[in-house]
*Asks:* 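So that we are looking at the same thing, I have put the structure below in structure tokens.
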Amino acid sequence: MTVLEVDRVTKVYAVRGAGQIKALDDVSFTLESGRTIGLVGQSGSGKSTIARILTQLETPTSGQVRLDGQPIPRRGAGLRAYRQKLRMVFQDPFASLNPYHSIRYHLERPLRLDGVVPGAEVEDEVRRLLTRVRLDHDVIDRRPHELSGGQRQRVAIARALASRPRLLVADEPVSMLDVSIRLGVLNLLADLGREEGLGVLYITHDLATARHFSDEILVLNQGRVVESGPADDVILRPQDPYTRELRAASPDPEKHFGSVSGALGGAR
Amino acid sequence: MSDPLLSVRDFSVTYDVDPPVEAVKHVTLELRRGEILGLAGESGCGKTTLAYGVQRLLKAPAVITSGSVVFHDASGEDVDVHRLDAEQMRRFRWDKVSMVFQGAMNALNPVAPIGSQLEDVFEVHRPGMSRAQRREAVAELLEIVKVGRQRARSFPHELSGGMRQRVMIAMALALRPQLMVMDEPTTALDVLVQREILRQISQLRHEFGFTVVFITHDLPLLLEISDRIAIMREGEIVELATAEQIWTAPRDEYTKTLLSSFPRLTGERGVVAR
Amino acid sequence: MTAVQPHPAEPSPTRDALEVGTTATTVARGRSRVPWRFLAGRAGFYLFTLWAAITINFFLPRMMKGDAVDQYLSRNRNVSPEAADALRSLLGLDTDKSLLQQYVDYWGLLLRGDLGVSLLHGLRPVTEVISQALPWTVGLVGFATVVSFAIGTIGGAVVGWRRGSRLDGLIPLTTFLSTIPYFWLGLLAIALFSVTLGWFPIGKAYGVGMTPEWSAEFVGQVIHHGTLPAATIVLASLGGWMLGMRNMMLTVLDEDYVMVAQAKGMPNRRVLWRYAARNAVLPQIQSFALSIGFIVGGTIVMEMVFSYPGVGKLLLDATNAKDYALMQGVFLVITLSVLVANVLADVAYAFLDPRTRQTEA
């Protein structure tokens with residue numbers, strides 16, 4: 001089932017002294033439920049603009065975004081419903097949680113605001129959410145600063161899941177985390193997508209994780225989709241010169257030393 | 001290749017807070033002249049503390065509790081870095097060992113043109129140079145790193161991230177040091193820019209022959225560029241071996257964990273899935 | 001982070017990978033960039049503020065109760081009713097005219113530099129009365145403020161640089177001095193240095209019986225009389241400057257560029273002044289502009305305590321006597337001085353911080 005349709009979206013910014021800048025130029029893609037699309041590009045490629053349009057910080061100059069077949073409502077109940085269905089996971093788990101409030105507060109709030117479950121079941125739902133993001137229930141009364149970066153990002157994901165969204169937009173969700181916990185968080189996102197039928201839009205500059213955690217990859221360059229397709233095709237057999245350049249520039253010990261599959265297979 | 005440049009023995013740093021934190025624990029390390037040594041580890045593992053501590057650049061709560069650092073100068077003289085008095089230390093810095101810092105934006109003084117920040121180095125370390133000679137040296141440096149001499153009067157905020165990092169490299173190169181310590185020099189940059197900068201560093205190394213300590217958490221990157229790699233964890237070097245050994249036959253468990261934290265760009269798919 | 005494409009006019013030799021995606025900041029083109037748009041925007045803002053201030057200045061005294069002429073009459077019995085009416089129209093207290101007409105007239109007079117006459121000062125022109133008082137205030141308080149700013153900022157830089165040393169003790173001391181109510185500090189100073197020790201005169205700007213002139217004796221008198229008020233002002237305001245600068249220093253000292261400067265082997269003096277203090281002083285400049293603006297308005301207490309013949313005392317007397325024309329004049333001077341100080345601060349800031357120069361528009 002199609003969750004998200006981005007239909008020929010163009011975004012033009014007027015810049016003083018420099019005329020107009022096309023941040024997005026005729027971008028189209030569709031995301032099915034249970035699948036992950038990796039949106040790959042360098043800074044300035046337009047990938048963040050897509051996130052901003054999806055979260056309505058910007059409106060497209062032309063084109064349309066549809067969630068479950070519906071265009072983004074401008075106001076009212078429709079807008080609230082839209083916001084429930086689409087949730088963001090941000091880059092910085094330190095900044096996205098209020099240091100003053102407990103984890104319980106962060107998770108209860110969306111549950112109550114959106115009336116997802118009856119009041120009596122809120123506590124149980126909070127615990128269910130923690131289980132889903134593989135966190136111990138004893139974090140519930142702690143505050144964000146008492147948790148590690150990875151735990152915090154899991155709380156942020158649990159909070160995003162609270163309103164039972166159809167689509168998660170994860171904008172560089174692990175780039176500020178320590179390397180050894182990154183895969184855990186990415187695996188969690190991938191599992192949630194598969195098991196719960198969520199659509200996941202994974203926005204990143206990192207080709208390697210995009211390849212491993214996405215079904216499909218879209219490569220953006222200067223606002224245009226220069227290449228898209230199944231993840232392995234795009235990364236292993238890139239057609240577009242820009243994609244090739246990106247791949248060549250990304251660190252790849254495999255290419256450097258040759259494959260050592262087996263030596264590491266099964267580690268972790 | 002076994003000609004040593006820097007010998008670090010039993011080096012320890014403690015952060016004197018309550019309770020005290022041992023950031024670097026009895027590290028012994030020999031840096032060879034001409035090599036690129038990668039220093040890898042996660043945040044808080046002590047890799048930056050080690051690099052700064054060796055040059056005595058650490059600030060207040062950090063205390064060097066043990067160890068010695070000997071710099072084997074190209075002239076044949078051995079310099080015991082921790083025996084230098086403040087003035088000798090000041091002269092030693094940058095002249096023998098320079099640094100390229102993380103996040104180029106903040107590493108440059110925002111209110112001074114980059115040219116004057118480069119000139120500073122000559123003014124202090126080469127007092128014999130005339131103003132015109134300094135200007136020319138700065139222009140030459142900016143040309144070497146392909147920023148262009150006309151940028152000397154630009155302020156840091158007027159340059160892109162990659163440009164700023166090139167300026168930092170030019171600055172590090174100014175006195176033709178024997179060792180350059182690079183602390184996450186490309187982390188904040190886009191991958192294409194990162195590759196450009198790396199290419200430039202390796203080119204400059206061929207030309208000027210300095211030794212590099214490259215600090216980063218990005219192990220795949222280190223595997224490509226380093227001769228040897230030291231893996232740090234909780235203040236200790238858990239493994240030190242050639243890049244190839246680390247890649248093909250890692251011995252330490254933590255090294256293996258770290259390696260498997262990075263999905264392969266082109267290798268087998270699925271090695272990372274749990 | 002918005003998407004920025006490489007500028008087509010940018011003379012990039014080959015396709016430089018640098019320029020492709022990372023230019024979140026603009027790349028400088030050409031050198032002498034006068035930020036006209038920025039300047040025009042600021043100028044417009046100041047003009048509007050000026051207009052608003054003058055307009056409020058026009059309405060304020062008119063909303064107060066009481067009639068200055070009535071007061072004047074009560075003190076000068078032998079004025080005929082006809083003469084009183086003439087006085088009213090002269091002072092703009094003529095209620096026959098519509099408010100709008102009064103407002104228009106007010107602007108007309110203002111543009112001709114005519115601020116009316118002061119009832120309190122025997123019908124002398126307000127401009128004359130103010131211009132007699134202004135140099136005393138600006139000279140004394142201005143001088144003291146600059147001295148306090150300089151000492152406080154330099155001291156704060158040094159104290160911040162040597163954090164943890166014994167110098168830290170200066171901060172609570174100067175802060176304590178600035179918490180003493182000023183009139184009390186002034187009276188204490190008079191009691192100690194003028195009455196008990198007899199080192200300085202008790203008040204006034206110069207000795208009784210002297211007339212202002214450019215002679216060594218007179219200047220000596222002015223300095224002798226001014227020392228105590230100036231010193232008390234410096235003492236009372238030093239703490240703020242020092243604390244502000246020291247705190248900014250602590251922030252700046254944690255910046256990477258300070259560490260870089262040290263790694264570069266720069267001598268401590270150079271790191272302190274060229275790298276750390278140079279950046280830490282920026283917020284101080286703005287506070288300084290504010291306090292310069294308040295020199296004229298904020299000296300009432302000092303001028304009372306030391307019987308100093310400045311603008312503050314003028315304003316106080318004018319308010320007590322409901323001398324509207326004089327009040328308006330003084331308010332106008334205060335407003336103008338705040339605006340001028342802000343313009344100066346903008347210029348200084350743009351000069352000291354290249355980042356404001358470029359992309360404020």
Side-chain angles (χ1 to χ4, degrees), chain A residues 40-45 134 148-149 174-184 186-188 190-191 194 204-214 221 230-232 235-238 242 245-268, chain B residues 38 40-45 160-162 186-199 216-226 229 231 233 242-251 253-274:
Chain A
V40 174
Q42 302 207 70
S43 55
S45 63
R134 293 40 155 181
S148 71
V174 297
S175 64
M176 293 188 70
L177 303 182
D178 253 334
V179 289
S180 64
I181 54 171
R182 289 182 183 179
L183 290 191
L186 288 174
N187 272 322
L188 172 66
D191 290 351
R194 259 194 310 278
T204 184
H205 67 279
D206 182 20
L207 261 59
T209 57
R211 176 187 167 218
H212 286 269
F213 293 95
S214 318
N221 182 26
D232 272 8
I235 302 299
L236 300 181
R237 292 170 289 280
Y242 178 76
E245 207 178 337
L246 271 188
R247 203 195 91 170
S250 301
D252 184 11
E254 213 90 38
K255 188 175 66 189
H256 199 70
F257 296 113
S259 173
V260 284
S261 74
L264 285 165
R268 190 177 178 91
Chain B
E42 301 186 77
S43 58
C45 74
S160 66
T186 59
T187 303
L189 304 175
D190 274 322
V191 59
L192 291 181
V193 186
Q194 166 174 309
R195 189 53 66 170
E196 271 298 311
I197 300 268
L198 291 174
R199 221 170 271 152
T216 181
H217 64 275
D218 190 346
L219 195 50
L221 180 72
L222 280 187
L223 285 165
E224 277 191 28
I225 63 165
S226 313
I229 294 177
I231 309 279
R233 187 194 193 189
T242 64
E244 193 163 0
Q245 277 169 334
I246 295 271
W247 173 247
T248 53
R251 277 176 291 115
E253 275 310 307
Y254 180 68
T255 310
K256 290 178 192 167
T257 310
L258 215 51
L259 277 169
S260 64
S261 299
F262 293 94
R264 309 289 170 66
L265 183 64
T266 55
E268 248 178 281
R269 200 181 165 145
V271 274
V272 292
R274 283 202 286 195

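Chain A is the first sequence line, chain B the second, and so forth, proteins listed ahead of strands; every chain is numbered from 1.
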*Asks:* Which bit of Leu258(B) comes within less than 4.5 Å of chain A, counting heavy atoms only: side chain, backbone, both or neither?
*Replies:* side chain
*Asks:* Would you give the length of the straight line joining atom CG of Leu192(B) to atom CD of Gln42(A), rounded to the nearest 0.5 angstrom?
*Replies:* 4.0 Å
*Asks:* Just checking Arg237(A): does its CZ atom have more than 12 heavy atoms from other residues, nucleotides or ligands closer to it than 6.0 angstrom?
*Replies:* yes
*Asks:* Any side-chain heavy-atom pair from Leu183(A) and Pro263(B) closer than 4.5 angstrom?
*Replies:* yes
*Asks:* Give, for atom CG of Leu177(A) and atom OG of Ser261(B), the distance between the pair rounded to the nearest 0.5 Å.
*Replies:* 12.0 Å
*Asks:* Nearest 0.5 Å please: distance from the CZ atom of Phe262(B) over to the CG atom of Asp252(A).
*Replies:* 13.5 Å
*Asks:* Would you say that His205(A) contacts Val191(B) through its side chain, given a criterion of any heavy-atom pair below 4.5 Å between the two side chains?
*Replies:* no
*Asks:* Closer than 3.5 angstrom, by distance alone: can the side chain of Asp178(A) be matched with the main-chain N or O of Glu42(B) as a donor-acceptor pair?
*Replies:* no
*Asks:* Measure Leu207(A) against the heavy atoms of chain B and call it side chain, backbone, both or neither at under 4.5 Å.
*Replies:* both
*Asks:* Quick check for you: among Ser250(A), Ser175(A), Ala249(A), Ala208(A), which has the greatest number of heavy-atom pairs under 4.5 Å with chain B?
*Replies:* Ala249(A)
*Asks:* Under 4.5 Å heavy-atom distance to chain B, tell me which part of Ala190(A) shows up: side chain, backbone, both or neither.
*Replies:* neither
*Asks:* Can you say whether Ala249(B) sits under 4.5 Å from chain A via the side chain, the backbone, both, or neither, judging by heavy atoms?
*Replies:* neither
*Asks:* For Leu246(A), is it the side chain, the backbone, both or neither that has a heavy atom under 4.5 Å from a heavy atom of chain B?
*Replies:* both
*Asks:* Determine the option with the most heavy-atom pairs under 4.5 angstrom with chain A, choosing from Leu198(B), Leu265(B), Ile225(B).
*Replies:* Leu265(B)
*Asks:* Looking at OG of Ser45(A) and CG of Asp190(B), how far apart are the two atoms once the value is rounded to the nearest 0.5 Å?
*Replies:* 8.0 Å
*Asks:* Look up atom NE2 in His217(B) and atom CZ in Arg182(A), then write down how far apart they are to the nearest 0.5 Å.
*Replies:* 4.5 Å
*Asks:* Say whether, by atom type as modelled, one donor and one acceptor occur between the side chain of Arg211(A) and the main chain of Arg264(B) under 3.5 angstrom.
*Replies:* yes
*Asks:* Looking at every heavy atom in both Gln194(B) and Pro251(A), which two are closest together, and how far apart are they?
*Replies:* NE2-CG, 4.0 Å
